[in-house]
Amino acid sequence: MSTLSEPHQTLQIYNTLSKKKEPFRTVEAGKVGIYLCGPTVYDKAHIGHMVGPVIFDCIKRYLVYCGYEVNWVVNLTDVDDKLINKANERGMTMLEVAEENIADYNENLTALGVTSVDHFPRATDCMDEIIAFIGSLVDQGFAYESEGDVYFEVGKDTHYGKLSNRTVDAMQGEGGGMAQRKRGLADFALWKSAKPDEPSWESQWGQGRPGWHIECSAMSKKLLGETFDIHGGGLDLVFPHHENEIAQSECCHTKPMVTYWAHNGLLRASSAAGKVGGRSERDGESASADGASADGGDGGKMSRSKGAGGLADLIASQGGERIRFFLLRTHYRSTVLFNEPAIEEAGIGLDSFYRLFKRYARITGKDFYDLEAAQTRDAGAIASDSDATQAATSACREKFLHDMDDDFNTGGAIGELFELVKIANKFCDDANLESEDKADTDVAKLEQLLSTLKELASILGIFSQPLTKTGGSGDELLAQAMQLVIDLRAEARASKNFATADAIRDGIGPLGVVLEDRAGGTEWSGGDEDTLDGIMQLLIELRQSARANKDFATSDTIRDRLAEINVTLEDRAGGTEWSKS
RNA sequence: GGCGCCGUGGCCAAGUGGCUAAGGCAUCGGAUUGCAAAUCCGACAUCGGCGGUUCGAAUCCGCCCGGCGCCUCCA
């Protein structure tokens with residue numbers, strides 16, 4: 001341990017091994033190796049699988065921002081009992097099952113903005129390293145062969161239990177189905193002999209496949225070395241998975257495997273489902289009958305057996321940025337209660353950022369997403385200035401970085417982002433930036449402020465590119481129809497016909513479209529795939545009432561303008577229908 | 001039974017020894033608006049309970065109540 005670099009000036013990381021926050025030191029000065037336990041790809045990913053990748057994506061971004069060169073590895077377990085079972089169920093090969101779910105996993109990661117992973121090693125691609133690793137443990141006397149299996153002999157590792165704070169004696173368990181092959185009940189498999197028709201690899205112990213724990217020891221060694229900086233994973237992996245990794249790697253190499261063990265909290269489903277039957281034996285009390293807490297409805301840990309799943313659907317309905325933002329609002333070591341309303345609430349918060357970006361575009365004619373922003377901590381420093389707005393901006397940035405330095409406190413950091421929005425909006429108000437006589441110097445200040453916002457948001461991996469919309473404002477025909485609606489309403493307002501103007505606005509409100517009257521004209525936002533038809537119906541109604549009032553100028557305008565965008569109206573007995581030609 | 005974690009306003013959530021306890025959502029006033037929306041200003045908690053340590057605690061210690069995790073595959 002004495003060979004670690006000098007500690008970082010400000011950054012502290014919580015270490016599961018010491019149960020404390022520690023100053024950040026690296027094995028090699030200026031470089032960081034990170035290993036995150038990825039999924040076993042026997043089924044589609046669920047949102048719980050995204051917690052680790054999202055926070056570690058932020059961690060990597062922050063470390064890079066702080067000047068480190070980072071190598072981040074996320075492994076994929078593509079050989080396992082569950083994969084074999086799934087392949088048999090579906091009449092596919094194990095490889096096909098793996099390919100399918102890896103593709104799904106990667107799509108999900110991309111949707112959530114997890115783009116900084118450097119390597120995705122697959123267990124089946126590292127078989128030589130795995131077998132060599134096991135061989136070394138056998139040669140050194142830490143592992144033994146038994147009927148074609150190879151087991152790690154836990155009793156030989158005097159430090160076993162140091163991560164999860166357990167003693168070998170205290171370890172319960174019956175040793176699993178293979179107890180008779182083991183010397184100690186806590187011994188775990190490094191190599192499992194193949195049953196007939198199972199995928200297998202050749203080794204000095206015969207045909208077989210690796211155990212789960214050894215994969216990570218071998219793959220991390222291959223890509224990051226015998227000692228590396230940060231090893232992450234869900235809290236549920238501390239025991240036995242990570243404890244076993246430590247045992248394997250440290251017995252094999254006689255040196256620390258990892259400097260910092262970083263574990264993320266787990267998601268809990270907050271649906272009525274919850275944990276129903278489980279855990280009846282172990283502690284025979286729990287007079288949960290009167291539990292009926294008024295806030296009820298909290299369920300147990302997210303997992304497939306609890307009905308978790310459909311991440312792709314969730315992303316489709318909520319959008320990746322919302323989900324990422326939702327996950328980042330809470331500290332990574334905390335448990336997060338997950339439900340869709342909570343994600344929607346996060347989305348409402350995000351909207352205030354998007355509105356600011358639009359305001360920025362109105363003022364400057366430029367796109368927030370094109371703004372230049374500092375990529376590094378040093379470059380982003382704001383020149384001290386007596387200007388109150390700049391001082392407030394700088395203070396926010398300092399607090400943001402202070403929060404990130406404190407074990408990646410993204411929740412606190414996000415608070416500062418909201419603070420920046422307020423500063424920016426207030427500045428726009430005070431400096432009259434939406435009027436004609438705005439000062440160029442003030443516009444420049446606004447750009448600098450938003451540039452800082454973008455710099456910090458980039459660390460969290462948000463606001464790096466415009467949302468891609470389906471329906472709503474992304475729909476060209478809807479946009480054209482909305483412009484017609486807005487023009488009609490503008491005419492009504494110009495002639496002080498507020499009843500009509502309000503009727504229009506009230507008519508589109510239920511469709512999820514919101515109007516905002518501004519100096520330069522009316523803006524609209526919102527809407528989904530069902531909005532277009534609603535807008536057309538509204539236009540048809542407006543035309544009908546105009547005709548009823550003998551206002552044929554207006555009714556003809558509506559029809560003609562619709563014709564311009566290739567929409568045809570046909571008056572039928574049952575009402576008017578619209579169609580796009 | 002063993003090892004841990006958590007309990008902050010209506011909801012979510014920062015803060016873990018010391019200025020007026022961040023921020024978001026919701027709500028209520030005010031400015032602004034034809035009315036709205038957006039924006040700004042303001043209002044809204046003493047931190048599960050009890051006791052202790054301390055000049056001083058949401059923050060440390062003890063006990064209690066409540067919620068959760070791991071000990072079996074799980075991010």
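Lettering of chains follows the sequences in order, A, B, ..., and the numbering in each one begins at 1. All values reported here derive from a predicted model rather than from experimental measurement.
Separating the CZ atom of A/Arg322 from the C1' atom of B/rG24 is a distance of 14 Å, rounded to the nearest angstrom. At whole-Å resolution of the value, CG in A/Leu163 and P in B/rC3 are 16 Å apart.
Within the 4.5 Å cutoff, no side-chain heavy atoms of A/Thr389 are placed close to those of A/Lys445. Contact check for A/Cys396 versus A/Ile423: side-chain heavy atoms found under the 4.5 Å cut-off.
For A/Glu416 against B/rG23, no side-chain N or O and base N or O form a donor-acceptor pair under 3.5 Å.
Side-chain contact of A/Glu215 with A/Thr77: a donor-acceptor pair under 3.5 Å is present, judged by distance alone. If you check the side chains of A/Asp437 and A/Ser435, you find a donor sitting under 3.5 Å from an acceptor. Side-chain contact annotation: A/Glu245 with A/Tyr35, donor-acceptor N/O pair under 3.5 Å absent.
Cation-pi check for A/Arg333 over A/Tyr14 is met; the charged atom lies under 6.0 angstrom from the ring centroid and within 45 degrees of its normal. A cation-pi arrangement is found for A/Arg166 relative to A/Phe239, the charged atom lying closer than 6.0 Å to the ring centre and inside a 45° cone about the ring normal.
Here, B/rG66 and B/rA14 have their C1' atoms 23 Å apart, quoted to the whole Å. B/rC12 and B/rG52 have their C1' atoms separated by 33 Å, with the value rounded to a whole Å. Comparing the P positions of B/rC63 and B/rG9 gives an interatomic distance of 25 Å, to the nearest angstrom. B/rU46 and B/rU20 are spaced 12 Å apart, taking the C1' atom of each and rounding to whole Å. Nucleotides B/rA21 and B/rU8 have their C1' atoms positioned 8 Å apart, rounded to a whole Å. Using C1' as the reference atom, B/rA58 and B/rG18 are 13 Å apart when rounded to the nearest Å. With P as the reference atom, B/rC6 and B/rU59 are 13 Å apart, rounded to whole Å. A gap of 48 Å separates the C1' atoms of B/rC68 and B/rU32, to the nearest Å.
At the heavy-atom level, A/Gly411 lies under 4.0 Å from base atoms of the strands shown. Residue contacts shown for A/Glu419 are limited to sugar-phosphate atoms, with no base heavy atom under 4.0 Å away.
Comparing A/Arg329 and A/Gly349 along RNA chain B, the residue whose closest nucleotide (by nearest heavy atom) sits nearer the 5' end is A/Arg329.
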Open item on the list: Once pairs are restricted to Watson-Crick or G-U wobble with both distances under 3.5 Å, how does RNA chain B read as a dot-bracket string, [ ] for crossings and | for other-strand pairs?
Closed with: ((((((((.[[[..)..(....]]].(((((.......)))))....[[[[[..)....]]]]])))))))....

TODO: For nucleotides 31-41 of chain B, just jot down a letter per nucleotide in 5' to 3' order: B, S or -, based on protein non-hydrogen atoms under 4.0 Å.
DONE: ---BBBBSSSS

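Of the candidates B/rG23, B/rA14, B/rA75, the closest approach to any side-chain atom of A/His331 belongs to B/rA14.
Of the residues A/Leu112, A/Ile462, A/Leu350, the one that meets the side-chain contact (heavy atoms from CB on, under 4.5 Å) test with A/Arg322 is A/Leu350.
More than 12 non-hydrogen atoms from other residues, nucleotides or ligands lie less than 6.0 angstrom from NZ of A/Lys19.
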